[in-house]
Amino acid sequence: MKPLLLLFIVMLINGLSGVFAQSKGRSKVGLSIVDPIQSMPHFPGGQDSLTSFLKKNLHWPEPEIDVQGKVIVSFVVTRSGKITNLKVIKPLYKSFDAEALRVVRLMPAWIPAKIKGKPINRDYYLPINFTLGSE
């Protein structure tokens, strides 16, 4: 039993040393793979501005359809703040999914994520709620 435990510990240490060696590598932009993100991408003006933008521009696509729920849209905020690679990753109903994509395409450039003060491309997931209720 002890030889098996010792073998497991040796394999674990060797595996971890490989992980740490790999994590010290540098990417093409000179950033360490384990550098923390200083700031995530965000809508200009912050969350309140994003909420106002969505309220102003989001329309109920089919008034005769009694559907409520959430569409989750994923996209990449590039180093320049441009939104690319839009996808619906949690659909609700075809016309609601299309409306969510339409509104995201209307958005101005975002503030990109940063590592060590340098802007980077970063995925973002935006939930868009479609709910009936009082305004």
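Note on Trp60: it clusters hydrophobically with Leu54, by side-chain heavy-atom contacts below 4.5 Å among ILVMFWY residues. Placement of Leu101 and Leu106 within a single hydrophobic cluster is found when ILVMFWY residues are connected by side-chain heavy-atom separations under 4.5 Å, directly or transitively. Both Tyr124 and Leu58 are assigned to one and the same hydrophobic cluster, defined by single-linkage of ILVMFWY side chains at heavy-atom distances under 4.5 Å.
Proximity of Ile72 to Val88: side-chain heavy atoms (C-beta onward) are nowhere separated by under 4.5 Å. With a 4.5 Å cut-off on side-chain heavy atoms, Pro44 and Pro108 count as touching. By the 4.5 Å heavy-atom criterion applied to side chains, Val76 and Ile83 are not counted as neighbours. Counting heavy atoms from C-beta on, the side chains of Pro61 and Phe130 come closer than 4.5 Å. In this structure, Phe43 and Ile111 have side chains that are not in contact, with every pair of non-hydrogen atoms separated by 4.5 Å or more. Met107 has its side chain within reach of Val104: a pair of non-hydrogen atoms, C-beta onward, lies under 4.5 Å apart. Here the side chains of Phe75 and Asp123 are not in contact, with every heavy-atom distance at 4.5 Å or above. Residues Val73 and Ile89 form no side-chain contact, since every pair of their non-hydrogen atoms from C-beta on lies 4.5 Å or further apart.
Screening residues 81-109 for salt bridge (charged side-chain N to carboxylate O under 4.0 Å, His left out), with sequence neighbours left out, gives Glu99-Arg102.
Closest approach of Ala100 to Ile128, counting heavy atoms only: CB-CD1, 3.8 Å. Considering every non-hydrogen atom in both Val103 and Phe53, the closest pair reads O-CE2, 3.7 Å.
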| request: Mind running side-chain hydrogen bond (donor to acceptor under 3.5 Å, both in side chains) on Thr131 and Gln68 for me, showing each step along the way? | output: CA-CA 5 Å; Thr131 56; Gln68 294 188 71; 4.9 Å; no

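In this structure, Gln38 contributes its side chain and Gly117 its backbone to a donor-acceptor pair below 3.5 Å.
Within 6.0 Å of the OH atom in Tyr93, the count of heavy atoms belonging to other residues, nucleotides or ligands does not exceed 12.
If you take OG on Ser39 and CD1 on Ile115, they are separated by 9.5 Å, rounding to the nearest 0.5 Å.
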